[in-house]
Peer 1: 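The structure under discussion is supplied below as structure tokens; questions concerning it will follow.
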Number of protein chains: 2
Amino acid sequence: MNKVTIDDIAKVAGVSKSTVSRVLHGKVAVHPDKKNAVLTATRRLGFKPNIVAQSLASGRSMTIGVLTQNMGSPFYDAIAQGVIAGLASSNYSPIFADGQWQIPKELSALQSLVGRRVDGLVLIGGGISSQQIDDTCDGLPIVIVARTFAESHYRCISMDNIAGGYAATRHLLDRGHRKIAIVRGLPTHADAIERYQGYVRALEELGMVPDPRLVVESDFSPESGITAVNELVKRGERFSAIFAANDLTAFGARLALDQHRLRVPDDVSLIGFDDQLESAYITPPLTTYRQPAREMGQYAADAILKLLQGEEFSSLQVHGELVIRHSVRDLSTASV
Amino acid sequence: MNKVTIDDIAKVAGVSKSTVSRVLHGKVAVHPDKKNAVLTATRRLGFKPNIVAQSLASGRSMTIGVLTQNMGSPFYDAIAQGVIAGLASSNYSPIFADGQWQIPKELSALQSLVGRRVDGLVLIGGGISSQQIDDTCDGLPIVIVARTFAESHYRCISMDNIAGGYAATRHLLDRGHRKIAIVRGLPTHADAIERYQGYVRALEELGMVPDPRLVVESDFSPESGITAVNELVKRGERFSAIFAANDLTAFGARLALDQHRLRVPDDVSLIGFDDQLESAYITPPLTTYRQPAREMGQYAADAILKLLQGEEFSSLQVHGELVIRHSVRDLSTASV
DNA sequence: TTGTAAGCGTTATCAC
DNA sequence: GTGATAACGCTTACAA
């Protein structure tokens, strides 16, 4: 362990520990000689300040806690990377905790972060209630990414998932698809619900009514995409396109279609959501609705930094965009 | 902020703060009445212990720092998830920091973790020297995953990348491939180097000598896989198979092959390394050498927990395995 | 079983 | 400019 304290270096440098603290922070003027003595001693003894003691004494820890919905999920990871990037130029460093898609774990991870006296919080996705958030982090500056709260005072960086769901569905509709199956995603997850709403809206706009037999649920994993397609096929549903809750689900769906000898996009078109890294590399390259995940993370970092400086910052909505690749077939000009 | 301290609850409960501390820890016997009083007060005032103060006073923080080579990389993320899982049943909670593939960032992230007085460290991959590690974490229990050090005292959880590279290459050889290109990975990265050594060994075993024109470098990203294939094709090299440094690179290679109208596996076979989640879902499903990433993370968690309890633990090597899917064509029984 | 008091390593508030 | 000294919130001997 690093047993060197400022007392030690104060002794060696022949000054008081206040002075040591001063030169270490560089804010206040200190006589050059003493300053040098301190610096030398610091180096010689290999002194490393104890952040724990610092933050207990100062009340600030110069860290911001990042709680992610799930580390390992491409979308959330990309946001986290954005946060890291956005914080890089500041004096704050991020520490991460993982909610693992489970509210209890999310809560305890959040408590752990708060207990560590982080100066601010970035919550990426997640499912705990605003009540729970308030209870555990009263007063702390907090920014929420990839999630919105109906009536809350939180600053949120979010994307309009309804618009995204609408755009994806609309794309299919515009290409002549009418039997559009949807793999909705986690039925309790706001993102899934909103994307579905967009889907419904797009259909209704054309006077169509959503066919309940064509909607099936998933949990955002590839496996659930397989299950979904299997179910659809087993039930003998007819569909020319599938809108998957996210790209991972689309990957699974794509494989399952293959196993049923359904070609993409020749027999069935497929559209995803997120535009994760791998989506450009599957075969065929996946058409999907892109969420600017990294940017969202950076905005969140900017926001928390602003808040920490006492500046204001209000919620912000980023824009997604359709990324057209090759998994959707145009039926409207069909020939084959 | 949570301004309630044990002093407050001591006052309310009519006991001393030592007693409060005692009931909160539950190790020492305390009179039931006082215990109740304390518990009640705790609940009523909404007391949350200040972990910072706790760890300053006790010298332990009950957290273990996890430094990852890069969060967002499927392989490293899977390890991190294993660590989380392995720690879940203990009283320790993990906090994460990200090296972002860059040694300076890795170092400062490590310092931040150590400064936070974590009780132990799990290093996932990474490139800092053992010297640097020793300097920054002297004395701390530390476990290293997915990396080994030649002559060090560290406990490492690793996989034999030479064996992996050998197995992958051998698989190709056994299927009749002779012109095997390799996309090596980061030239400075131990994993890449070792896999290449395995590749060389497999070739030499058959009396072949590695053709330098067939080896090209990458940085483990899909983009670099594209670049690699483009280069190979542009140079007009002849090859019937590609061994990619990792799955991500294989994804890029697969796309590039497609763009050059080279079918996988009909025209060119492709083998990856890692077996990341998505690999089963690309077309064709990728044959790859699987690293048991999650397990490695769990072993690491077990190891650090053991070390923390004063038990011993020695380095351990896990076994990878070839996962045969559909991206490699068997030339030996060739007809087509 | 319980209370007193001395730390833990810094920062912050004063006087000088 | 600089040095005592009191916090910061909690743990932990040491007594009682």
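Please read these numbers as outputs of a predicted model, since none were measured by experiment. Each chain gets a letter, A, B and so on, in the order its sequence line appears, and its residues count up from 1.
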Peer 1: In chain order, what residues pass the side-chain hydrogen bond (donor to acceptor under 3.5 Å, both in side chains) check against B:Asp7, with sequence neighbours excluded?
Peer 2: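 For B:Asp7, no residue satisfies side-chain hydrogen bond (donor to acceptor under 3.5 Å, both in side chains) once neighbours in sequence are set aside.
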Peer 1: Are there any protein N/O atoms within less than 3.5 Å of an N/O atom in nucleotides 12-16 of chain D, and if so, which ones and at what distance?
Peer 2:
from	atom 1	to	atom 2	distance (Å)
D:dT12	OP1	B:Arg60	NH2	3.2

Peer 1: Rounded to the Å, how far apart are B:Ile6 CD1 and C:dT4 P?
Peer 2: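 Interatomic distance, CD1 of B:Ile6 to P of C:dT4: 13 Å.
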Peer 1: Rounding to an integer number of Å, can you tell me how far B:Asp7 CG sits from D:dC10 P?
Peer 2: 7 Å
Peer 1: Under 3.5 Å, which donor-acceptor pairs do the side chains of residues 63-77 of chain B form with other protein atoms, sequence neighbours left out?
Peer 2:
from	atom 1	to	atom 2	distance (Å)
B:Thr63	OG1	A:Arg116	NH2	3.4
B:Thr63	OG1	B:Ser61	OG	3.2
B:Thr68	OG1	B:Asn70	N	3.3
B:Gln69	OE1	B:Gly126	N	2.8
B:Gln69	OE1	B:His189	NE2	3.2
B:Asn70	ND2	B:Ser73	OG	2.8
B:Asp77	OD1	B:Gly72	N	3.0
B:Asp77	OD2	B:Gly72	N	3.2

Peer 1: Between C:dG9 atom C1' and A:Leu45 atom CG, what is the distance in whole Å?
Peer 2: 15 Å
Peer 1: Tell me which nucleotide among C:dG3, D:dC8, D:dG3 gets nearest to the side chain of A:Leu56.
Peer 2: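 Between C:dG3, D:dC8, D:dG3, the one nearest the side chain of A:Leu56 would be D:dC8.
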Peer 1: Let me know the distance between NZ of B:Lys11 and P of C:dT2, rounded to the nearest Å.
Peer 2: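 For the pair B:Lys11 NZ and C:dT2 P, the rounded distance is 19 Å.
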Peer 1: Between atom CG in B:Leu24 and atom P in C:dT2, what is the gap in whole Å?
Peer 2: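 Value for this atom pair: 14 Å.
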Peer 1: With A:Gln309, which residues qualify under side-chain hydrogen bond (donor to acceptor under 3.5 Å, both in side chains), at least two apart?
Peer 2: none
Peer 1: Using a cut-off of 4.0 Å on non-hydrogen atoms, how would the nucleic acid contact of A:Val15 be classed: base, sugar-phosphate, or nothing?
Peer 2: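 Sugar-phosphate only.
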Peer 1: Quick check on C:dG3: is either OP1 or OP2 less than 4.0 Å from any side-chain nitrogen or oxygen of B:Ser16?
Peer 2: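 Yes, B:Ser16 has a side-chain N/O under 4.0 Å of OP1/OP2 on C:dG3.
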Peer 1: Restricting to side-chain hydrogen bond (donor to acceptor under 3.5 Å, both in side chains), what partner residues turn up for B:His31, sequence neighbours left out?
Peer 2: B:Asp33
Peer 1: Does B:Ser130 reach the main-chain N or O of B:Phe149 with its side chain, forming a donor-acceptor pair under 3.5 Å?
Peer 2: no
Peer 1: Atom CD of A:Gln54 to atom P of C:dT11: distance rounded to whole Å?
Peer 2: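 In whole Å, C:dT11 P lies 5 Å from A:Gln54 CD.
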Peer 1: Return the value, rounded to whole Å, for the distance between atom CG of A:Asn50 and atom P of C:dG7.
Peer 2: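 From A:Asn50 CG to C:dG7 P: 18 Å.
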Peer 1: Can you sort out the partners of A:Arg155 under side-chain hydrogen bond (donor to acceptor under 3.5 Å, both in side chains), two or more places apart, ordered by chain and number?
Peer 2: A:Glu312
Peer 1: Report for the helix from C:dT1-D:dA16 to C:dC16-D:dG1: angle between first-end and last-end helix axes, five pairs each, rounded to 10 degrees.
Peer 2: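 Taking five pairs per end, the axes differ by 40°.
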Peer 1: Which residue lies toward the 5' end of DNA chain C, B:Lys34 or B:Ala53, if each is placed at its nearest nucleotide?
Peer 2: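 This one resolves to B:Lys34.
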Peer 1: Would you mind listing every side-chain hydrogen bond (donor to acceptor under 3.5 Å, both in side chains) that reaches into residues 80-105 of chain B, with sequence neighbours excluded?
Peer 2: none
Peer 1: Return each pair, listed once, that meets ring-ring contact (aromatic ring centres under 6.0 Å, His included) where at least one residue sits in residues 9-28 of chain B; pairs must be two or more places apart or across chains.
Peer 2: none
Peer 1: Write down the distance between CZ (B:Arg117) and C1' (C:dC8), rounded to a whole number of angstrom.
Peer 2: 10 Å
Peer 1: Side chain to side chain contact (heavy atoms under 4.5 Å, CB included) with B:Phe96: which of B:Ile84, B:Ile124, B:Val122?
Peer 2: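 Of all the options given, the one that passes is B:Ile84.
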Peer 1: Give a yes/no answer on whether the side chain of B:Lys48 brings an N or O atom under 4.0 Å of OP1 or OP2 in D:dG9.
Peer 2: no
